[in-house]
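Report on the structure given below.
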Amino acid sequence: MRLWSIGNYHYTVMQWLFLFYFYCFCGWCIESAYVSAKSGKLVNRGFMRGPFLPLYGSGGMMMLIVSAPFQDHIVLVYIAGCIGATVLEYITGVTMEALFKVRYWDYSNQPFQFQGHICLGTSLSWGGLTILMTQFVHKPVERFLLAMPLEILAPVTAVLTVILSVDFALSCKAALDIRDILVKLEKAKEELEHISKRLDVMIAFANEEREHHKVERNGKRRLESLKAGLEERFEHIKTSFAAKPEEYKESEREEFLSLREKYHVNLELTRQLKSLKDIYKRGMLKGNPTMASGKFKEALEELKEAVSDRRKDNKR
């Protein structure tokens, strides 16, 4: 079979693929062990549901490729690893955020970070990992790879290709679904905020508690807080209807009923959106505890809480 050579690395396409899958698996082991130890519970880390992290597989391949011209110069290997991995991490982070509206890692709280996608500490660590990879890790892996008969390598790689392709496709769909859920949750919440303001106007026209409600509605609120405030307003206006019917026009009564109906529709919509019965979507949220979103921050946090509450209920 034809060899694809990069520096001193001479492998067939099948061997390059196997190496990619191997480092995807190694990355998953390292990342899952770290996050599990840090959180005190087992975490299936990563974008995919299977034991593979494509970013680490890509990182492993990148380390071999960018360091290939400098294999006899350890300082240049370090610098190449820092630059190559940082570029890869940044492009991957920006692309995933553009597609899925969330960040699967976030360095915003780290010093010398850029847009939350990369930071100096991680970039410097990538350089050290490149030296570790090229000088120590990859050499025994290469011996194992070259010793593997084609009769074994080919079917194993083919099966892994099918498994990872299906897993990646389902994971992408789940990530897109989560994106759509966040958009719909935010839209439903905005509708509830609008309903809250309309109810405030109705109360204000009755000259009761105007300043109290004006202050209370300043700023965005979490869904549960918003729900409680809306229930209080609906009950207040309902009581006013009964006590002072002359202060409300028929059109205001009709608007009240319309707002009440919209409230229940949007409340049910948020309940359905947060149910998350699909194992891929739940697994993606549980497996990425550092997942963050600027535009949909509150919606994402509430979605994470819904998954956590569901897991607690299942344990009971």
Side-chain angles (χ1 to χ4, degrees), residues 35 39 43 45-49 53-55 86-119 122 168-198 200 216-230 262-263 265-278 280-310:
V35 175
S39 61
V43 177
R45 187 75 167 100
F47 180 75
M48 298 165 62
R49 290 304 84 218
L53 274 173
L55 181 62
T86 300
V87 171
L88 175 65
E89 190 172 35
Y90 180 76
I91 292 175
T92 304
V94 170
T95 302
M96 292 183 75
E97 185 174 17
L99 285 174
F100 307 126
K101 307 305 179 186
V102 297
R103 295 178 180 180
Y104 284 82
W105 63 88
D106 187 13
Y107 298 128
S108 297
N109 296 325
Q110 300 296 319
F112 306 107
Q113 58 85 26
F114 181 67
Q115 297 180 353
H117 297 298
I118 56 176
C119 71
T122 302
F168 186 76
L170 292 174
S171 296
C172 283
K173 182 181 182 304
L176 291 171
D177 288 344
I178 290 174
R179 179 199 64 184
D180 294 341
I181 289 171
L182 292 175
V183 172
K184 291 176 182 178
L185 278 174
E186 190 66 23
K187 186 176 180 181
K189 191 174 179 182
E190 288 174 358
E191 181 65 22
L192 292 174
E193 289 278 2
H194 173 72
I195 293 171
S196 178
K197 292 177 181 179
R198 289 302 305 158
D200 279 346
E216 186 181 22
R217 71 169 181 261
N218 283 341
K220 282 194 172 184
R221 287 164 285 171
R222 289 178 64 85
L223 186 59
E224 288 304 314
S225 173
L226 184 58
K227 176 184 173 183
L230 281 164
K262 288 180 180 179
Y263 165 70
V265 168
N266 281 278
L267 208 61
E268 176 61 19
L269 175 61
T270 59
R271 187 194 67 78
Q272 292 178 2
L273 290 172
K274 291 163 69 174
S275 61
L276 287 177
K277 297 178 181 179
D278 181 72
Y280 264 80
K281 291 193 279 287
R282 294 202 310 273
M284 188 164 290
L285 289 166
K286 290 187 292 184
N288 294 277
T290 58
M291 185 189 294
S293 175
K295 185 176 181 180
F296 305 107
K297 180 179 179 180
E298 290 186 0
L300 179 58
E301 290 304 316
E302 290 173 5
L303 208 56
K304 287 182 180 180
E305 290 173 7
V307 172
S308 178
D309 292 341
R310 183 185 179 93

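A quick note: this is a predicted structure, and the numbers were derived from the prediction, not measured.
Closest approach of Gly46 and Asn288 over heavy atoms only: O-ND2, 3.0 Å. Between Leu285 and Met291, the shortest heavy-atom contact is CD2-SD, 3.9 Å. When all heavy atoms are compared, the tightest approach of Arg45 to Pro289 is NH1-CD, 4.5 Å. Contact record, Trp105 with Thr290: CA-OG1, 4.0 Å, taken as the closest heavy-atom pair. Taking all atoms of both residues into account, the shortest heavy-atom contact from Leu267 to Lys227 is CD2-CE, 3.9 Å.
By the side-chain contact (heavy atoms from CB on, under 4.5 Å) test, Leu99 pairs with Thr95, sequence neighbours left out. Judged as a salt bridge (Lys or Arg N to Asp or Glu O under 4.0 Å), and not counting sequence neighbours, the contacts of Arg198 are Glu255. Residues forming a side-chain contact (heavy atoms from CB on, under 4.5 Å) with Ser293 (at least two apart in sequence, or on another chain): Val102, Phe296, Leu300. With sequence neighbours excluded, no residue forms a ring pair (Phe, Tyr, Trp, His ring centres under 6.0 Å) with Tyr280. Scanning for side chain to side chain donor-acceptor pair (under 3.5 Å) contacts around Thr86 gives Ser123, with sequence neighbours left out. Applying the side chain to side chain donor-acceptor pair (under 3.5 Å) test to Gln110 and every residue at least two apart in sequence or in another chain returns nothing. Applying the side-chain contact (heavy atoms from CB on, under 4.5 Å) criterion to Asp177, with sequence neighbours excluded, gives Lys173, Lys281. For Gln272, the side chain to side chain donor-acceptor pair (under 3.5 Å) criterion is met by Glu268, not counting sequence neighbours. Legend: residues meeting side-chain contact (heavy atoms from CB on, under 4.5 Å) with Lys262, ordered by chain and number and at least two apart, are Glu191, Ile195, Ser258, Asn266. Scanning for ring pair (Phe, Tyr, Trp, His ring centres under 6.0 Å) contacts around Tyr104 gives Phe47, with sequence neighbours left out. Under the rule for a side chain to side chain donor-acceptor pair (under 3.5 Å), the partners of Glu97 that lie at least two apart in sequence or sit in another chain are Arg103, His117.
Distance check: Leu170 CG to Met48 CE gives 9.5 Å after rounding to the nearest 0.5 Å. Going from atom OG1 of Thr270 over to atom CG of Leu303 covers 11.0 Å, rounded to the nearest 0.5 Å. One finds the CD atom of Glu302 at 10.5 Å from the CG atom of Leu182 (value rounded to the nearest 0.5 Å). Residue Thr122 holds its OG1 atom at 13.0 Å from CZ of Phe112, rounded to the nearest 0.5 Å. Taken from CD in Gln113 to CG in Asp106, the straight-line distance is 8.0 Å, to the nearest 0.5 Å. The distance from atom CG of Asn109 to atom SG of Cys119, rounded to the nearest 0.5 Å, is 10.5 Å.
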Worksheet item: Which is it for Lys304 and Glu301 under the side chain to side chain contact (heavy atoms under 4.5 Å, CB included) test, yes or no, and what are the steps along the way?
Response: CA-CA 5 Å; Lys304 287 182 180 180; Glu301 290 304 316; 4.0 Å; yes

Worksheet entry | Derivation of the side chain to side chain contact (heavy atoms under 4.5 Å, CB included) call for Leu273 and Ile181 | CA-CA 6 Å; Leu273 290 172; Ile181 289 171; 4.1 Å; yes

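Contact check for Ile178 versus Met284: side-chain heavy atoms found under the 4.5 Å cut-off.
Counting heavy-atom neighbours within 6.0 Å of Lys274 NZ, excluding the residue itself, gives a total above 12.
No salt bridge links Lys295 with Glu186; every basic N to acidic carboxylate O contact stays at or beyond 4.0 Å.
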